[in-house]
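Below is one structure, written out as structure tokens, with a few remarks after it.
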Amino acid sequence: MKKLTTASTRSNHKPLTPVTPNQVGELLTEEAIQKYLSAATSDSTRRAYRSAIRQFEKWGGRLPTDSSGLVRYILNRAEHLNPRTLDLHLTAIGQWHQYQGMFNPVTDALVQKTMRGVRRTHGKPKQKSKALSLQHIAALTRYLREQPATKKNARDLALILVGFFGAFRRSELVAIQVEDLIWEEEGLIVRLPKSKTDQSGQGMMRALPYGSPGACPAKALRSWLEAGGIDSGPVFRAVNRWGSIQERQLNPTAINDLLKKLGLACGFEFVDELSSHSFRRGLSTSAAREKVGFELIKKQGGWKSDATVWEYIEEGQQFSENASAILMKKMAELL
């Protein structure tokens with residue numbers, strides 16, 4: 001075998017092009033920019049935008065587009081999509097143009113006016129999750145306590161009580177880590193490193209005072225942790241059919257499935273209306289019925305918008321704080 005010479009070896013390998021310090025700096029800067037641009041938008045929003053773009057392209061749209069293309073899209077889809085869905089699609093398309101440094105055609109006056117007409121013509125009330133009342137939570141709690149003492153039932157009981165009395169979103173519930181739990185003499189504090197209304201990660205606290213054994217979320221949670229032997233990592237985890245606890249956190253969609261299953265077992269007539277948001281709406285409307293103050297309700301749910309809280313309060317008091325009820329009572333005295 002012929003031995004390769006140094007010259008032939010060099011001829012088979014092109015010398016590497018040296019990278020200058022400026023080029024290294026540019027690469028690092030680009031990576032940093034992409035990192036923070038990615039962090040600026042939540043994963044769920046990013047997925048929703050990608051889906052919207054795919055649907056626009058499936059219809060036949062191409063990016064970049066212009067106002068006339070968007071108007072054609074709106075006219076074609078107005079009969080088939082909820083106006084809120086169309087608004088989401090336009091937002092996604094507009095964001096794409098902005099990040100490409102292009103003119104955003106969504107801001108065009110014709111596009112905006114066409115969408116106003118679509119909303120007025122096809123607008124429908126937003127479908128709301130059923131608000132769970134104290135009576136509903138009591139029924140779910142009784143049902144779970146009557147079942148065999150399994151790890152899954154211990155988890156489900158803790159999830160129901162913590163989810164309701166903490167007014168947690170499902171994303172917040174599944175994200176809770178053991179390290180986020182602060183046990184105090186008065187009860188439990190759950191630290192939320194990040195939530196929907198705290199995307200900057202400043203942190204929020206949700207306090208759960210100790211209550212009577214049958215209705216105490218803190219005690220139910222401690223029982224679940226002890227039963228599952230969980231001392232670190234995700235608090236609410238998947239439990240398979242054989243009762244084995246998984247290392248991964250519970251899938252957020254599993255909460256909706258669990259509520260529907262338990263609601264069906266308890267004979268609720270509104271099973272189809274149940275979702276994880278039933279916890280937050282339930283806590284706020286139930287508190288309003290019990291005349292709990294505005295600030296306390298807002299604090300427990302971590303709401304940023306006063307309007308949202310007042311909407312829940314009005315819903316909770318629509319029968320107790322009712323002009324007709326007062327007049328009917330007066331009329332009864334006259335009969």
Side-chain angles (χ1 to χ4, degrees), residues 41-100 102-132 169-171 196-197 199 252-253 256 259-260 269-278 280-282 284-285 288 301 303-319 321-324:
T41 306
S42 69
D43 290 339
S44 59
T45 299
R46 195 176 294 108
R47 285 194 297 270
Y49 284 179
R50 281 199 295 261
S51 175
I53 295 296
R54 283 196 299 269
Q55 292 187 56
F56 175 67
E57 292 177 334
K58 183 177 180 180
W59 167 78
R62 292 294 179 266
L63 296 177
T65 188
D66 55 21
S67 58
S68 61
L70 288 181
V71 169
R72 289 197 301 273
Y73 181 62
I74 293 170
L75 295 177
N76 184 269
R77 304 304 294 156
E79 299 281 349
H80 308 283
L81 296 178
N82 188 298
R84 284 186 292 274
T85 302
L86 262 179
D87 276 327
L88 172 63
H89 288 195
L90 292 183
T91 299
I93 293 169
Q95 289 286 309
W96 186 93
H97 283 82
Q98 287 180 340
Y99 285 127
Q100 300 300 320
M102 300 177 179
F103 170 73
N104 180 4
V106 177
T107 62
D108 182 84
L110 181 59
V111 174
Q112 293 295 311
K113 193 164 186 177
T114 303
M115 272 308 302
R116 282 198 295 273
V118 170
R119 294 186 200 102
R120 295 190 60 164
T121 304
H122 300 290
K124 299 177 182 178
K126 186 177 181 180
Q127 295 296 318
K128 298 180 179 180
S129 299
K130 174 69 175 180
L132 287 167
R169 298 178 178 86
R170 67 180 186 178
S171 59
K196 181 179 179 180
T197 54
Q199 291 295 323
T253 59
N256 291 358
L259 274 176
K260 292 181 185 297
E269 297 179 354
F270 46 82
V271 172
D272 291 340
E273 302 173 53
L274 286 175
S275 76
S276 57
H277 196 61
S278 298
R280 286 174 64 77
R281 295 192 67 238
S284 55
T285 54
W303 284 283
K304 295 296 183 182
S305 169
D306 288 357
T308 300
V309 181
W310 280 119
E311 179 184 344
Y312 289 143
I313 290 176
E314 290 174 2
E315 181 181 345
Q317 296 180 347
Q318 58 187 334
F319 290 110
E321 300 294 321
N322 188 294
S324 295

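This chain uses plain numbering: 1 for the first residue, then up along the sequence. These numbers come from the heavy atoms of this one structure, side chains and all, not from hydrogens, waters or symmetry mates. For clarity, every value in this text was computed on a predicted model and none was experimentally measured.
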Next on the checklist: So which atom in Thr285 and which in Ala131 form the shortest heavy-atom distance, rounded to 0.1 Å?
Outcome noted: OG1-CB, 3.7 Å

Checklist entry - Are Tyr49 and Ile93 close enough that some pair of their side-chain heavy atoms sits under 4.5 Å apart? => result no

Next on the checklist: Quick one: does any side-chain atom of Lys124 pair with a main-chain N or O of Asn82 as donor and acceptor, under 3.5 Å?
Outcome noted: no

Checklist entry - At what distance, to the nearest 0.5 angstrom, does CG of Leu86 lie from CZ of Arg119? => result 9.5 Å

Checklist entry - How long is the span from the NZ atom in Lys113 to the CG atom in Asp108, to the nearest 0.5 Å? => result 12.5 Å

Checklist entry - Glu273 and Lys260: which non-hydrogen atoms are nearest, and at how many Å? => result N-NZ, 4.4 Å

Checklist entry - Is the backbone of Phe270 close enough, under 3.5 Å, to the side chain of Lys130 for a donor and an acceptor to pair up by distance? => result no

Checklist entry - Between the side chain of Ser284 and the main-chain N/O of Arg280, is any donor-acceptor distance below 3.5 Å? => result yes

Checklist entry - Side chain of Ser51, backbone of Arg47: donor and acceptor closer than 3.5 Å? => result no

Next on the checklist: Please check: side-chain N/O of Asn256 versus main-chain N/O of Ser275, any donor-acceptor pairing under 3.5 Å?
Outcome noted: no

Checklist entry - Where is the tightest heavy-atom contact between Met115 and Asp87, given as atom of each residue plus distance? => result CE-OD1, 3.3 Å

Next on the checklist: Show every side chain to side chain donor-acceptor pair (under 3.5 Å) that has at least one partner inside residues 59-78, sequence neighbours left out.
Outcome noted: Trp59-Asn76, Asp66-Ser68, Tyr73-His89

Checklist entry - Per the side-chain contact (heavy atoms from CB on, under 4.5 Å) rule, which among Thr114, Val111, Leu110 passes with Leu70? => result Val111

Checklist outcome for this item: In short, side chain to side chain donor-acceptor pair (under 3.5 Å) pairs touching residues 306-319 with sequence neighbours left out are Lys128-Glu311, His277-Tyr312, Arg281-Glu315, Lys298-Asp306, Ser305-Thr308

Item to check | His97 to Asn104 - nearest heavy-atom pair and separation | outcome: CB-CA, 4.1 Å

Checklist entry - Between CD of Gln112 and CG of Leu90, what distance do you get to the nearest 0.5 Å? => result 8.0 Å

Next on the checklist: Could you tell me if the side chain of Pro252 sits less than 4.5 Å from the side chain of Ser171, heavy atoms only?
Outcome noted: no

Next on the checklist: Using only atom types and a distance under 3.5 Å, with no angle test, would you say the side chain of Thr121 pairs donor to acceptor with the backbone of Gly117?
Outcome noted: yes

